[in-house]
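Worth knowing before you read on, the calculation uses all heavy atoms, side chains too, and leaves out hydrogens, waters and symmetry mates.
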Amino acid sequence: MSAINKMTDSTEALPRGWTRLSLGEIGRWFGGGTPSRANLRYWTDGTIPWVSPKDMKNDLLTSTQEHITEAALSQSATNLVEAGSVLVVARSGILQHTLPVSIAQTTVALNQDIKAVRPFENVRSDYLAFALKRFERQILRECAKAGTTVQSLELPNFLLFQIPVAPLGEQQRIVTEIQKQFTTLEVGVAALRRVQANLKRYRAAVLKAACEGRLVPTEAELAKTGNRKSKFETGETLLAHILNECRQNWQGRGKYKEPTTPDPANPLPNIPEGWACASVDQITENFDGRRVPLKSADRDKRSGQYPYYGASGIIDDVDDFLFDGDYLLIGEDGANLLSRSTPIAFKATGKFWVNNHAHIVQTRGGIPLAYLSIFLNGKDLSFSITGSAQPKLTQAALNKIPIPLPPLAEQTRIVAEVERRFGVVEELESIVFANLQRATRLRQSILNYGFSGKLGTQDESDETATALFTRIQKKNVMKQKLPPKREREPERTGSITNETFIPLKNAFQALPKETTLEKLCVTAGYNPSLIGDVDKFFEELQESLDKICTLKRVDDGDVTVRRIRP
């Protein structure tokens, strides 16, 4: 076994024939880089797939968003790895909770935030990829680099992290069983996703029916049944009362100004008998002038018990309030105005604070806030929204939105029916969500079983993982397979000495003015993955090359070599 320190503190006995290997022993590791964006020759009509974290979304990597040219490959710090290599995101915000892992399905070049390993013959690529996902939590916890603004892996610790390795034949049987179990699980997950989508569509259908007078019997329909003792108050009558009350109660400066009427460019479709068409301005009172935004730093100093609302809901809490009562908040800007990931109109009750990203209104004439919310959330308002990079619903545009106005009694029934149906939907959504969470746990359980020897079957004829590793290690020490990028001399291992300085110097002269330590060693025929002590190697390299180059470390832990003499 290797002398590399154990990163995992597991005392669990391994199945017969298994061993533990560090990730550094599993295969040959590669880093990457980004060719200069200023040099169009590196990016124009590129044919080489170039992997960055944004491409790492699936178990199998079949394509990338960007491609580079041969010139970029030979004149930058990127590296080429062949199909079957296992790719790992080593620097990205996603490492807060997830370790993205993919298997390259074709030869690809690497971004500096990606690490890749070409496993030796004793480990299957798919087995290694599953192992990395099995130990994802431990890796993120034990190998995270401290003190960085962007989450990243501490590469030396990562390469020391150990995984259980089964005999090669058993690896295949484990992978086959995991894939079988995952396939069955994904069928169930896909069905749950379809239910989620159908519930979302059902919500939209309920809102649409409510806005068109098709959800509950209308007052006009009920009046025709002969069970009514008097005529009902129509929406027109309700709107007239609201406008008349506004005129009579006017206490502002100057002459009373009539509210904005509905936008004639966006009329409502045929509305039911007894309904009227009003504008938001006609049936609400706007309080946008009382909003006060607080910067994040100010909120940190004023943390308290009162909700602080933004465009899509509560985003913080503060020590004071601006409003006390029942209000409707309507998103003023943000992508959610078009995407509708969350409701754009929502109720705020009690004491709270509002920033300037949400309009704030109260309804007039006894109109339920929930009714106005139902309409605004159920209607396509794109005709009122300006801006593409930053969508915005201005107060002037909000005021002109046409609102179908039923009689008050009908509004009450509409709200009650929507809430009843949405209550059922929410129960179903909770069940679906719980089962999706359960599926995630089942997926992890399958991996746990797989890497404890409880999925694959034992075979007495399998060569033990220890014996296979020892045999392949000897073979790789003698001669390493070289990457497909360029032909090189047979690989040498070990640290740099006076005897080996000449090939390293020649390699250095052959590379661009700035390259990586790893690429320099590979070009000279060394195998960086077999150098146990990176710091010792760095010191010896510095001593040997200080007359022709300078070396410096960069944020992600790689070493950059810069030639200072031609």
Is it the case that [X] and [Y] place a side-chain donor and acceptor less than 3.5 Å from each other?
{"X": "Thr342", "Y": "Asn336", "result": "yes"}
{"X": "Gln196", "Y": "Arg201", "result": "no"}
{"X": "Thr184", "Y": "Gln181", "result": "no"}
{"X": "Trp50", "Y": "Gln65", "result": "no"}
{"X": "Tyr42", "Y": "Gln75", "result": "yes"}
{"X": "Thr34", "Y": "Gln112", "result": "yes"}

Please tell me if the side chains of [X] and [Y] come closer than 4.5 Å, counting only heavy atoms from C-beta onward.
{"X": "Leu329", "Y": "His359", "value": "no"}
{"X": "Thr78", "Y": "Asn111", "value": "no"}
{"X": "Ile48", "Y": "Val108", "value": "no"}
{"X": "Val165", "Y": "Ile26", "value": "yes"}
{"X": "Val88", "Y": "Phe158", "value": "yes"}
{"X": "Thr69", "Y": "Thr47", "value": "no"}
{"X": "Leu61", "Y": "Ile103", "value": "no"}

I'd like to know whether [atom1] of [X] has more than 12 heavy-atom contacts from other residues, nucleotides or ligands below 6.0 angstrom.
{"X": "Glu70", "atom1": "CD", "value": "no"}
{"X": "Arg16", "atom1": "CZ", "value": "yes"}
{"X": "Phe433", "atom1": "CZ", "value": "no"}
{"X": "Asp45", "atom1": "CG", "value": "no"}

Side chain Arg299, main chain Leu294, donor-acceptor under 3.5 Å
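Such a contact is found between Arg299 side chain and Leu294 backbone.
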If only atom types and distance count, is the side chain of Ser125 paired as donor or acceptor with the main-chain N or O of Gly84 below 3.5 Å?
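Answer holds: yes.
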Carboxylate-amine/guanidinium proximity below 4.0 Å for [X] and [Y]:
{"X": "Arg203", "Y": "Glu429", "value": "yes"}
{"X": "Arg443", "Y": "Asp59", "value": "yes"}
{"X": "Glu66", "Y": "Lys54", "value": "yes"}

Using the test salt bridge (charged side-chain N to carboxylate O under 4.0 Å, His left out), find all partners of Lys180 that sit at least two apart in sequence or belong to another chain.
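With neighbours one apart ignored, the set is empty.
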Validation row, ring centre Phe130 to ring centre Phe182 under 6.0 Å:
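Yes; Phe182 has its ring centre under 6.0 Å from that of Phe130.
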Ile178 pairs by side-chain contact (heavy atoms from CB on, under 4.5 Å) with which of Thr183, Asp126, Leu455?
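Between Ile178 and the candidates, side-chain contact (heavy atoms from CB on, under 4.5 Å) is satisfied uniquely by Leu455.
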Going through the distances and angles, do Leu23 and Leu160 end up as a side-chain contact (heavy atoms from CB on, under 4.5 Å)?
CA-CA 6 Å; Leu23 293 176; Leu160 291 174; over 6 Å; no
